[in-house]
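Working notes, structure below.
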Protein chains: 2
Amino acid sequence: MAIRLDDRAPDFEARFSAFLTTKREVSADVDAAVADIIADVRARGDAALHDWTGKLDRFDSRARGLRVSEAEIDAAVAAVKPEVMEALKLARDRIESHHARQKPGNDRYTDAIGVELGSIWTAIEAVGLYVPGGTASYPSSVLMNAVPAKVAGVDRLVMVVPTPGGEVNSLVLAAARLAGVDEVYRIGGAQAVAALAYGTETIRPVAKIVGPGNAYVAAAKRRVFGTVGIDMIAGPSEVLVIADRDNDPDWIAADLLAQAEHDKAAQSILITDDVALADAVEKAVERQLAALPRGGIASDSWRDYGAVILVESLDGAIPLSDRIAPEHLELAVADPEAMLGRIRNAGAIFIGHHTPEAVGDYVGGSNHVLPTARSARFSSGLGVLDFMKRTSLLKVPPMALRQIGPAAIALAEVEGLGGHARSVSIRLN
Amino acid sequence: MAIRLDDRAPDFEARFSAFLTTKREVSADVDAAVADIIADVRARGDAALHDWTGKLDRFDSRARGLRVSEAEIDAAVAAVKPEVMEALKLARDRIESHHARQKPGNDRYTDAIGVELGSIWTAIEAVGLYVPGGTASYPSSVLMNAVPAKVAGVDRLVMVVPTPGGEVNSLVLAAARLAGVDEVYRIGGAQAVAALAYGTETIRPVAKIVGPGNAYVAAAKRRVFGTVGIDMIAGPSEVLVIADRDNDPDWIAADLLAQAEHDKAAQSILITDDVALADAVEKAVERQLAALPRGGIASDSWRDYGAVILVESLDGAIPLSDRIAPEHLELAVADPEAMLGRIRNAGAIFIGHHTPEAVGDYVGGSNHVLPTARSARFSSGLGVLDFMKRTSLLKVPPMALRQIGPAAIALAEVEGLGGHARSVSIRLN
């Protein structure tokens with residue numbers, strides 16, 4: 001049973017603050033092991049990859065080859081049921097057309113005194129995409145990471161995916177094909193991250209690494225950051241549903257459980273002004289849990305981290321939501337548009353009764369890689385900009401340098417940087 | 001004397017690769033000390049700040065108060081010479097008008113099947129700006145960090161600056177006033193980063209921390225990352241000048257030294273196709289070094305990390321430049337525009353003979369916080385987007401859910417997420 005809070009209770013602020021700061025993740029301390037693996041891959045390249053893969057994924061990658069061949073990908077595509085392939089294509093197309101709108105425009109202009117300025121966007125040349133193996137291996141995540149990279153114009157998109165026991169995941173390979181991934185390697189863990197960052201005989205290095213992974217992968221990404229770029233380190237997923245009385249409790253319960261089934265550390269929160277709805281949703285959750293294939297996981301998540309927050313008025317839901325800064329926010333209220341403009345911190349907002357968060361996980365078109373653990377206060381979901389970078393341009397004609405140069409010299413001098421001053425003044429004399 | 005490379009030499013690739021991977025920074029291992037300071041500030045709040053400030057900055061912040069008062073800032077502004085104040089205002093205005101063009105537009109639209117999608121940008125509510133004390137305390141950096149935050153719409157911009165011996169830096173306070181900083185605290189080091197991230201009795205926490213700092217500050221930022229956002233961790237500065245024969249060697253030498261004077265670990269590189277220019281620049285560097293106030297630092301930097309690279313043709317300069325991915329790139333060539341379109345990796349490009357990098361440090365209008373150490377391959381200079389975040393919107397009407405819902409259900413089922421499938425199917429029955 002989830003906790004219940006009520007904003008009319010005198011201890012509400014204390015309980016809500018404690019709820020906000022509850023840690024949902026215990027990150028294993030694997031940093032020393034990861035450092036060793038990375039050093040080994042840097043020193044021994046492919047040989048190290050083969051050895052770690054044999055040890056951790058239990059198959060002979062020397063015999064199979066590190067790279068997944070085009071023929072293997074062809075076979076994987078053929079193994080996927082046609083209706084699933086169609087669903088993947090629909091998802092791919094919708095993600096592509098939405099993300100195409102995120103492509104930034106260059107800006108170049110001349111200001112009033114004749115100085116030319118500009119911002120020029122270019123794609124990152126090579127990007128690595130980490131895809132987890134086993135049960136956390138989701139073809140939808142391949143699309144969500146790979147399609148924006150290709151929309152951005154990344155030349156070389158390199159996927160790594162561990163294949164425990166040598167078993168490839170057909171769905172993941174099919175999604176990679178659909179998304180335009182250029183190279184696929186059957187490696188995982190910290191060794192795969194090291195190979196992407198530093199390169200080996202077989203794998204050329206990339207400039208940025210994205211994609212989810214376990215504690216080893218996260219620690220390896222933190223370690224190689226600087227040598228390459230990395231995306232955010234995602235925590236357990238979460239949903240906040242703001243609902244008024246006019247809701248089907250079964251629908252709300254289904255949405256809370258869709259989140260809870262991800263992971264024992266996932267979090268589902270309902271905020272409502274209607275105690276009858278709160279009660280009914282809680283009952284519906286218990287009822288649905290019994291029928292859910294991943295009911296055990298969902299039940300643990302709901303018990304340990306779930307919450308039902310009663311508010312006197314739905315107006316009071318908005319500041320609470322902004323403090324939670326949910327990864328996913330569902331507005332199941334009569335006038336969601338009125339509420340929308342007042343919300344500041346959320347990864348993605350799902351509007352109205354027919355937009356369950358799960359549709360956004362697959363085929364809505366928006367990205368499902370979103371900021372977790374309150375980081376929507378300061379960061380955004382994955383998008384095209386994550387695969388591009390901006391170069392600024394400056395061109396000062398002689399007349400304009402005469403105009404602004406003296407100010408540059410004055411500031412350089414008070415900052416004690418005589419060489420800076422001189423590199424301007426030498427052009428004015 | 002800087003090293004000299006020549007792309008016609010048989011060992012060029014080996015020497016250039018070695019040059020690229022030269023480490024210019026030895027980061028002190030201060031992580032354990034930083035962890036202790038952060039834990040102390042979290043546990044004891046203001047009391048810990050006072051104790052660490054007394055110990056490390058050697059003045060009594062209990063007596064002075066943590067916050068720098070408006071009266072102190074008024075006094076600082078009054079202490080700055082009028083011509084310097086005017087130069088700061090010119091810089092502020094030019095930075096502001098350039099960055100105003102970076103503000104992203106919201107996008108909301110309905111697609112062909114009636115699904116509404118959107119990307120909504122909002123400013124981060126509260127941002128902390130770290131400003132180093134002592135000799136690395138630059139008013140220009142205050143403007144470069146603070147102005148884009150205010151252009152983005154950050155409500156609460158909180159500056160921290162250590163004041164060794166209790167001495168405030170008038171220029172830094174004046175720049176803070178001009179840039180619209182909302183609160184200033186006289187604290188620094190890991191203790192200031194901890195206060196910004198977790199809050200104390202006096203200082204409310206922020207959601208993101210930006211600005212340069214020493215090894216303690218960098219380690220503290222890495223540690224609080226996740227609780228708050230952070231900007232990139234900047235390394236030593238660098239410039240690459242691509243020059244043809246038609247250049248005044250004194251101008252080029254001045255630009256190389258303007259970079260070298262920053263720091264012994266700074267790096268200045270010249271690529272040219274003209275051996276006579278290369279020789280003349282090297283001589284001019286030696287000559288100018290003697291007259292430079294920071295000649296000792298510049299000389300060490302030039303000797304240890306400087307480079308002159310001769311290329312057979314300037315066409316060959318472009319791929320080398322992209323591999324270097326310089327923070328600052330000057331194009332001192334006859335036709336810079338032709339070269340411009342072929343460059344992919346650079347933080348900022350300074351075009352033509354009258355655009356020394358130093359003018360961009362102060363009054364060009366573009367930002368001087370730029371990616372160092374080859375990170376322009378995957379990241380951008382500081383800008384308005386660093387102070388904003390994007391929320392995605394999705395609104396699926398019932399008819400559209402009927403159209404795309406079955407694909408979501410199919411994908412949820414192959415991913416083993418029955419709860420996801422159910423939260424869609426329950427709305428279709």
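Proteins come first, then strands; the chains are lettered A, B, ... in the order of their sequence lines, and each starts at number 1.
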How long is the gap from [atom1] on [X] to [atom2] on [Y], to the nearest 0.5 Å?
X	Y	atom1	atom2	result
B/Tyr109	A/Arg101	OH	CZ	5.0 Å
A/Ser392	B/His368	OG	NE2	11.5 Å
B/Phe225	A/Ile233	CZ	CD1	7.0 Å
B/Gln288	A/Ser423	CD	OG	9.5 Å
A/His420	B/Asp361	NE2	CG	4.0 Å
B/Leu393	A/Leu340	CG	CG	5.5 Å

To check you understand the geometry: which heavy-atom pair defines the closest contact between [X] and [Y], and what is its length?
X	Y	value
A/Ala346	B/Thr391	O-OG1, 2.7 Å
A/Ala91	B/Leu411	CB-CD1, 4.2 Å
A/Leu417	B/Tyr138	CD2-OH, 3.9 Å
B/Leu117	A/His98	CD2-ND1, 3.6 Å
A/Lys389	B/Asn345	NZ-OD1, 2.9 Å
B/Gly416	A/Arg294	O-CD, 3.1 Å

For the candidates [options], which exhibits the highest count of non-hydrogen atom pairs separated by less than 4.5 Å from chain A?
options	result
B/Pro336, B/Ala410, B/Pro406, B/Ser366	B/Ser366
B/Gly352, B/Gly360, B/Gly364	B/Gly364
B/Ile343, B/Leu370, B/Val115, B/Val228	B/Val228
B/Val359, B/Leu329, B/Ile409	B/Val359
B/Pro356, B/Ala348, B/Ala254, B/Gly229	B/Pro356
B/Arg422, B/Gln259, B/Lys208	B/Arg422

Does any backbone or side-chain atom of [X] lie under 4.5 Å from a heavy atom of chain A? Answer side chain, backbone, both or neither.
X	answer
B/Glu86	neither
B/Asp255	both
B/Thr122	side chain
B/Ile113	side chain
B/Leu401	side chain
B/Pro139	both
B/Leu292	side chain

Original post:
Hey, are the side chains of B/Val414 and A/Lys81 touching, using non-hydrogen atoms and a 4.5 Å cut-off?
Top reply: no
Subject >> Side-chain touch B/Leu394/A/Glu357, heavy atoms, less than 4.5 angstrom >> reply: no
Subject >> Residues forming a side-chain contact (heavy atoms from CB on, under 4.5 Å) with B/Ala407, sequence neighbours excluded >> reply: A/Ala87, A/Leu90, A/Val363
Could you list the donor-acceptor pairs under 3.5 angstrom formed by side chains in residues 375-387 of chain A, with sequence neighbours left out?
unit_1	atom_1	unit_2	atom_2	d
A/Ser375	OG	A/Thr372	N	3.4
A/Ser375	OG	A/Thr372	O	2.6
A/Arg377	NE	A/Arg374	O	2.9
A/Arg377	NH2	B/Thr227	O	2.7
A/Ser379	OG	A/Ser375	O	2.9
A/Ser380	OG	B/Arg390	N	2.8
A/Asp386	OD2	A/Gly383	N	2.8

Look at [options] and state which one has the largest set of heavy-atom pairs under 4.5 Å with chain B.
options	result
A/Gly235, A/Gly418, A/Ala291, A/Ser119	A/Gly418
A/Arg427, A/His353, A/Met232	A/Arg427
A/Gly405, A/Ala260, A/Ala408, A/Ala253	A/Ala408
A/Val80, A/Leu256, A/Val424, A/Thr355	A/Thr355

Original post:
Within the distance-only criterion (no hydrogens, no angle test), does the side chain of B/Arg222 pair as donor or acceptor with the backbone N or O of A/Arg222 below 3.5 angstrom?
Top reply: no
**OP:** Sort A/Pro293 into side chain, backbone, both or neither according to what part of it lies under 4.5 angstrom from a heavy atom of chain B.
**Re:** side chain
Subject >> Worked verdict on A/Arg344 versus B/Asp155 for salt bridge (Lys or Arg N to Asp or Glu O under 4.0 Å) >> reply: CA-CA 12 Å; A/Arg344 182 125 174 202; B/Asp155 300 314; 2.8 Å; yes
